[in-house]
Colleague: 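Handing you this structure, nothing more for now.
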Amino acid sequence: MRFNLKEVLQVMPSDSFFFSIVRDPAALARSAFSYYKSTSSAFRKAPSLAAFLANPRAFYQPGGRGDYYARNLLWFDFGLPFPPEKRIKRGNPKDPDSHQGHVLPSGTGPRAQILDPNALLQPVSTVADGHSQAVSPTSFNLGSSSFIQWGLAWLDSVFDLVMVAEYFDESLVLLADALCWGLDDVVGFMHNAQAGGEQGLRAAGTGGLTAEDQQLTARARAWNNLDWALYVHFNRSLWARIEQYGQRRLKHAVAELRARREAMAKHCLQGGKALDPKYITNSQFRPFQYGSAKVLGYALRSSLSPKDREDCERLATPELQYKDKLDAKQFPSPVSISLKTSRLLSSRHQATD
């Protein structure tokens, strides 16, 4: 979802643990161009990502359909306001203006105050020339450093942890530690990975890239300047947290996490790894295919016990099918409720007999 704090607080208590994840804008741009090529008018007009980034304004028009995918997608997903050129046409359900009253940073204060929806609607008071003034987002140059730092400070006040995709396992260890979980609680299989996409995910720097890829990376980060500011900020905060946790301790925990994941993969999966979707015959495990790249998925070994199969299914089920499971559990249909009731009555009847 696009983060909207006021709406989230309608269903979640104020002491909830908020966490999210960021990704290098260069890697995100490669993925988004492939996945949203037919959705974004800017991407659709560009023959390649390199051509788009060489002259993005030749393709990108503020208010273009689906063009929130084409620039500063992380900033958009966090629900933050945009520079004027980034605003989207009225009537679009993803229009930032329709959300700004709900998600605008409120400046400073303890988290309990920040999480109060009413506090979000209050302007920040500042003192200038001896007079109290109200500061709102429109008081800033929205592309300025002050505006960016203001947005980052608000995110810091709301989120307990922001993970980094390029250091995913390290982030999982920190997540488990923050929530007092064990490593088994964060063992999982990667989903939504595109074929051949893992190298790009790990390439947070420019080491090992060709000169052409380095140029594309630099241009992607410059074009997605708000996302790059987000990424640099939360990459630093992650490593500050790692220092507190202890690098040697983290190295050991990451190795243990990877060993447990590998063991589960060998136990659960055909081939012990992700597969091309053409080899996944069970629709329950076949990931949704969209865009030009293949999205990998998993197939389970046939020799699993019922208990092991249940555990492995949870790890291998793609997000859309998993959401269907959660929907069915949270909003059971009348038919399923009546079946459960009849089975319960039947079992009680047999017990009394």
Colleague: Do the two ring centres, one from F3 and one from F159, sit under 6.0 Å apart?
Modeller: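 Here the rings of F159 and F3 have centres that are less than 6.0 Å from each other.
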Colleague: Measure up the Y298 and F189 rings against each other and bin them: parallel (under 30°), tilted (30 to 60°), perpendicular (over 60°).
Modeller: tilted
Colleague: Under a 3.5 Å distance rule, please check whether K329 uses its side chain to pair with a backbone N or O of D324 as donor and acceptor.
Modeller: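 Side chain of K329 to backbone of D324, a donor-acceptor pair under 3.5 Å: no, none is there.
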Colleague: Mark yes when over 12 heavy atoms from residues, nucleotides or ligands other than K273 sit less than 6.0 Å from its NZ; otherwise mark no.
Modeller: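 It does not: K273 NZ has 12 such atoms or fewer within range.
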Colleague: With the 4.5 Å side-chain cut-off for hydrophobic clustering, are V22 and M1 part of the same group?
Modeller: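 The answer is yes; both residues are in one hydrophobic cluster.
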Colleague: Pick one: which of R258, K266, R260 meets salt bridge (charged side-chain N to carboxylate O under 4.0 Å, His left out) with E262?
Modeller: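 Exactly one option meets the salt bridge (charged side-chain N to carboxylate O under 4.0 Å, His left out) with E262, and it is K266.
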Colleague: Please determine whether a side-chain nitrogen of the Lys or Arg among R23 and D227 lies less than 4.0 Å from a carboxylate oxygen of the Asp or Glu.
Modeller: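 Salt bridge flag = no for D227 with R23.
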Colleague: Measure the spacing between CZ of R221 and CG of L216 and express it to the nearest 0.5 Å.
Modeller: 10.5 Å
Colleague: What's the spacing between L174 CG and L250 CG if we round to 0.5 Å?
Modeller: 6.0 Å
Colleague: Got a donor-acceptor contact below 3.5 angstrom from the R65 side chain to the S41 backbone?
Modeller: no
Colleague: I'd like to know if the side chain of E256 reaches the main chain of L183, judged simply by a donor and an acceptor atom lying under 3.5 Å from each other, with no hydrogens or angles considered.
Modeller: no
Colleague: Measuring from S31:OG to D24:CG, what's the distance to the nearest 0.5 Å?
Modeller: 12.0 Å
Colleague: Please examine the side chains of L172 and L257, heavy atoms only from C-beta on, and report whether any two atoms are closer than 4.5 Å.
Modeller: yes
Colleague: Determine whether a donor-acceptor pair (N or O, by modelled atom type, separation under 3.5 Å) exists between the side chain of D308 and the backbone of S305.
Modeller: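 Absent.
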Colleague: Hey, does the side chain of S16 reach the backbone of M12 with a donor-acceptor pair shorter than 3.5 angstrom?
Modeller: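 A pair under 3.5 Å: no.
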Colleague: Is a side-chain donor-acceptor pair under 3.5 Å present for T217 with R30?
Modeller: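 R30 vs T217: donor-acceptor pair found between side chains.
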Colleague: Donor-acceptor check, side chain of W75 to backbone of P81, threshold 3.5 angstrom: yes or no?
Modeller: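 Looks like yes, one N/O pair under 3.5 Å.
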Colleague: Report yes or no: does Q270 contribute a side-chain atom to a donor-acceptor pair with the main-chain N or O of L300 at less than 3.5 Å?
Modeller: yes
Colleague: If two hydrophobic side chains count as joined below 4.5 Å and joins carry through other members, does Y322 share a cluster with L269?
Modeller: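 The answer is no; the residues belong to distinct hydrophobic clusters.
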Colleague: Kindly say whether the aromatic ring centers of F147 and W154 come within a distance under 6.0 Å.
Modeller: no
Colleague: I'd like to know if the side chain of Y245 pairs up with that of E170 as donor and acceptor (distance under 3.5 Å, no hydrogens or angles considered).
Modeller: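 No, no side-chain donor-acceptor pair sits under 3.5 Å.
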Colleague: Within a radius of less than 6.0 Å around NE2 of H252, do more than 12 heavy atoms belonging to other residues, nucleotides or ligands occur?
Modeller: no
Colleague: Answer yes when D67 and R71 have at least one side-chain N-carboxylate O distance shorter than 4.0 Å, and no when they do not.
Modeller: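 No.
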Colleague: Keeping D213 on the side-chain end and L209 on the backbone end, is there a donor-acceptor pair under 3.5 Å?
Modeller: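 Not a single qualifying donor-acceptor pair exists.
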Colleague: Report yes or no: do N192 and E319 form a side-chain donor-acceptor pair below 3.5 Å?
Modeller: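 A donor-acceptor contact under 3.5 Å links the two side chains.
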Colleague: Starting at CG of L53, measure out to CZ of R219 and round the result to the nearest 0.5 Å.
Modeller: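 Rounded to the nearest 0.5 Å, the CG-CZ separation comes to 7.5 Å.
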Colleague: Could you tell me whether D177 and R241 have a side-chain N and a carboxylate O separated by less than 4.0 Å?
Modeller: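 Looking at R241 together with D177, the answer is no, because their closest N to O distance does not fall below 4.0 Å.
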Colleague: Students often mix this up, so state it plainly: with edges at 30° and 60°, are the rings of F59 and F52 parallel, tilted or perpendicular?
Modeller: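 Rings of F59 and F52: tilted, as their planes differ by 30° to 60°.
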Colleague: Answer yes or no: is there a donor N or O on one side and an acceptor on the other, between the side chain of D77 and the main chain of R2, under 3.5 Å?
Modeller: no
Colleague: Any chance you could measure N224, atom CG, to Y231, atom OH, to the nearest 0.5 Å?
Modeller: 13.5 Å
Colleague: So which of Y68, F33, Y35 actually passes ring pair (Phe, Tyr, Trp, His ring centres under 6.0 Å) with F43?
Modeller: F33
Colleague: Would the distance check show the side chain of W223 and the main-chain N or O of A70 forming a donor-acceptor pair, the cut-off being under 3.5 Å?
Modeller: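 Yes.
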